[in-house]
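Every value quoted in this text rests on a predicted model; they were computed, and no experiment measured them. Letters A, B, ... are given to chains in the order of the sequence lines, protein chains preceding strands, and every chain is numbered from 1. Quick note: numbers below take in every heavy atom, side chains included, and nothing from hydrogens, waters or symmetry partners.
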Protein chains: 2
Amino acid sequence: MSGRPELSPLTPRAAQIASAARELLEEEGRDALTMRALADRLGIRAPSLYKHFPDKAAVEAALIEQGLAEMGAVLHAALEGTAPSEAADGTGAIGAVLRAYRAAALARPRLYRLTTSGPLARERLAPGLEEWSGTPFFLAAGEPYLAQALWSFAHGMVILELDGRYPDGSDLDRTWAEGARAFAARRT
Amino acid sequence: MSGRPELSPLTPRAAQIASAARELLEEEGRDALTMRALADRLGIRAPSLYKHFPDKAAVEAALIEQGLAEMGAVLHAALEGTAPSEAADGTGAIGAVLRAYRAAALARPRLYRLTTSGPLARERLAPGLEEWSGTPFFLAAGEPYLAQALWSFAHGMVILELDGRYPDGSDLDRTWAEGARAFAARRT
DNA sequence: AACAGTAGGCTAACAGCGTTAGCTTCGCAA
DNA sequence: TTGCGAAGCTAACGCTGTTAGCCTACTGTT
């Protein structure tokens, strides 16, 4: 399992704000996450938020930490769960990680996009968190280059699906399975 | 080769504006592409732009069409070029398409991100253009599911590289090669 | 008990954003 | 000559993130 790094500490009030921000993001999308709308949801005025976070990017960073932590937890759990059985479809740990990744991303699509899109302000994130959330890919692939390629495939699949880039009627289950077989065949 | 669909027609003035928009995007980034900055570059005021485009999204759509058209041209050319020799590294057409894709994206990173990130307003694009730009993946993979998986891998690799998501010192050449081998091995 | 400091609200305001309304000015065609 | 459309303009609106400065209430100290 290997312990998850601690998230950046938040004051109780800041945690409430982050929680409201997450609700707002997941219910209404990234564009709706404005400082005024967030303040409204808390019954205060926008400038008061700046007593708790230095700027909007810091609020987003708190959500990104949640996104990384939850994705990491899901992936680590998926690896634990399927280690004994060693897979239903012959793709083993690689298939398990891919299925878990897709399910977790589609369950929280807007948080996923916030977490993974655009340049990442690493200095705002808890150290080690990003790496920890990615290690299941390494564990599943057994080798860092295949692991990075596998992660890239998974992210590409998810983000293109979320953005509606695939033609209508695409059988994405089958595309995922095809990718899983391609990568699993290279596992040593 | 198969002829490229025509891009949406623009009046001469609109084409000038789109050209200036592209310069602005590539030189200063997406955030710098504002209607006022674009107008400045043309020596006019922002509201005058609305005589030529209905809104900012229409300007962006013109750039997205350029991005799709240029990417498609590069990929089609790459397939033509390597069909006879059949590859230096054993990955054949798949390796050729991947190398061309990466090179084209990294040569115009901000246009690539604009073209491929976020929901796509298909009704604003020339019909068939998006499909045409993607067909080289199908031609290289020989099969639609592998083709979609291959495209997803390529996009994931590029966008994660552009966003600086890989750890410092990652040997991305090797990661690309690993992915190319995985997909090439499944080509029938 | 009086005082100081701090946490956490508030209003007013600024610059920048996309966008609209309404006006003017120029060149061409009937 | 008249009319009209193309293409510019200014002023303004509502939205955004953010800052400055003020006020109130609680908390701990002397």
Whole angstroms only, please: what is the CD-P distance between A:E60 and D:dT16? 14 Å
Taking only nitrogen or oxygen atoms into account, show me every contact under 3.5 Å that the protein makes with nucleotides 5-9 of chain D, one pair per line with its distance.
residue, atom, partner, partner atom, Å
D:dG8, OP1, B:R13, NE, 3.3
D:dG8, OP1, B:R13, NH2, 3.2
D:dG8, OP2, B:H52, NE2, 2.6
D:dG8, O6, B:K51, NZ, 3.1
D:dC9, OP2, B:R45, N, 2.6
D:dC9, OP2, B:S48, OG, 3.0

side-chain hydrogen bond (donor to acceptor under 3.5 Å, both in side chains) involving B:R187 - partner list, sequence neighbours excluded: none
Among all residues two or more places apart in sequence or in another chain, which pass the ring pair (Phe, Tyr, Trp, His ring centres under 6.0 Å) test with B:F53? none
Sequence neighbours left out, what passes salt bridge (Lys or Arg N to Asp or Glu O under 4.0 Å) with A:R22? Give chain and number order. A:E26, A:E70
What are the bounds, 5' to 3', of the part of DNA chain C that sits under 4.0 Å from heavy atoms of chain A? C:dG8 to C:dA13
Under the rule for ring pair (Phe, Tyr, Trp, His ring centres under 6.0 Å), what residues qualify as partners of A:Y145, not counting sequence neighbours? none
Write down the distance between NZ (A:K56) and C1' (D:dT19), rounded to a whole number of angstrom. 17 Å
ring-ring contact (aromatic ring centres under 6.0 Å, His included) pairs, two or more places apart, involving residues 97-123 of chain B: B:Y101-B:Y112, B:Y101-B:F137, B:Y112-B:H155
Mind checking side-chain hydrogen bond (donor to acceptor under 3.5 Å, both in side chains) for A:S133 and listing every partner two or more places apart, or none if nothing turns up? none
Can you sort out the partners of A:E143 under side-chain hydrogen bond (donor to acceptor under 3.5 Å, both in side chains), two or more places apart, ordered by chain and number? none
Should the pair B:R110-B:D31 be classified as a salt bridge under the 4.0 Å nitrogen-to-oxygen rule? no
Under the side-chain hydrogen bond (donor to acceptor under 3.5 Å, both in side chains) test, residues paired with A:R165 that sit two or more places apart: none
Please list, chain by chain and in numerical order, all residues satisfying salt bridge (Lys or Arg N to Asp or Glu O under 4.0 Å) with B:E6, sequence neighbours excluded. none
Sorted by number, the residues of residues 22-41 of chain A with heavy-atom contact under 4.0 Å to DNA chain D: A:L33, A:T34, A:M35, A:R36
